[in-house]
Participant: 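The structure under discussion is supplied below as structure tokens; questions concerning it will follow.
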Amino acid sequence: MAKRTKSGLKANRQNIKRREHNRQMRSRLRSALKAIRASLDAEDLDAAKTALTRTVSLVDKMATKGIIHSNTASRYKSRLALRVRASA
């Protein structure tokens, strides 16, 4: 728990909100990655390409917000694009 000062209590409330938001964003990212992998496994290339564009956008947003590191975002995008290209 935070210190019992007004600023400490407010900082604690902000941390809780931010933590929950970041958790939701990470969950969205994982779901998007699973969707791309599932469409690639099902050999549905059109669905994989549309999911790839949405996922790349999501990864970029998360990197700019600082939820994931920029190098991690680049690695995700590179590997996904490679898998989609390889299955084409």
Participant: If you take all heavy atoms of Thr55 and Ile36, which pair is closest and at what distance?
Facilitator: OG1-CD1, 3.3 Å
Participant: With a cut-off of 6.0 Å (strictly less than), are more than 12 heavy atoms of other residues, nucleotides or ligands near CD of Gln14?
Facilitator: yes
Participant: Quick check: closest heavy atoms across Ser87 and Leu40, and the distance to 0.1 Å?
Facilitator: OG-CD2, 3.2 Å
Participant: Are the side chains of Met62 and Arg28 in contact, using a 4.5 Å heavy-atom criterion?
Facilitator: no
Participant: What distance do Ser70 atom OG and Arg75 atom CZ have between them, rounded to the nearest 0.5 Å?
Facilitator: 10.5 Å
Participant: Is Leu45 linked to Leu52 within one hydrophobic cluster, defined over Ile, Leu, Val, Met, Phe, Trp and Tyr using a side-chain heavy-atom separation of less than 4.5 Å?
Facilitator: yes
Participant: Going from CD1 on Ile67 to CD on Gln24, what distance comes out if it is rounded to the nearest 0.5 angstrom?
Facilitator: 10.0 Å
Participant: Determine whether a donor-acceptor pair (N or O, by modelled atom type, separation under 3.5 Å) exists between the side chain of Asn12 and the backbone of Gly8.
Facilitator: no
Participant: Run the salt-bridge test on Lys17 and Glu20 with the 4.0 Å N-O cut-off and return the result as yes or no.
Facilitator: no
Participant: Atom OG of Ser27 and atom CG of Asn22: how far apart are they, to the nearest 0.5 Å?
Facilitator: 12.5 Å
Participant: Check whether any side-chain heavy atom of Leu80 lies under 4.5 Å from a side-chain heavy atom of Leu33, and answer yes or no.
Facilitator: yes
Participant: What distance separates Arg26 CZ from His21 NE2, expressed to the nearest 0.5 Å?
Facilitator: 11.0 Å
Participant: Quick one: which residue pairs count as a side chain to side chain donor-acceptor pair (under 3.5 Å) with a foot in residues 56-68, not counting sequence neighbours?
Facilitator: Asp60-Lys77
Participant: Can you name the closest pair of heavy atoms from Thr50 and Ala47 and give their distance?
Facilitator: OG1-O, 2.9 Å
Participant: Identify the heavy atoms of Leu29 and Val59 that sit nearest to each other, and give their distance.
Facilitator: CD1-CG2, 3.4 Å
Participant: Taking atom CZ of Arg54 and atom CG of Leu58, what is their separation to the nearest 0.5 Å?
Facilitator: 10.5 Å
Participant: Indicate the atoms forming the closest heavy-atom contact of Ala63 with Ala73, along with that distance.
Facilitator: CB-CB, 3.7 Å
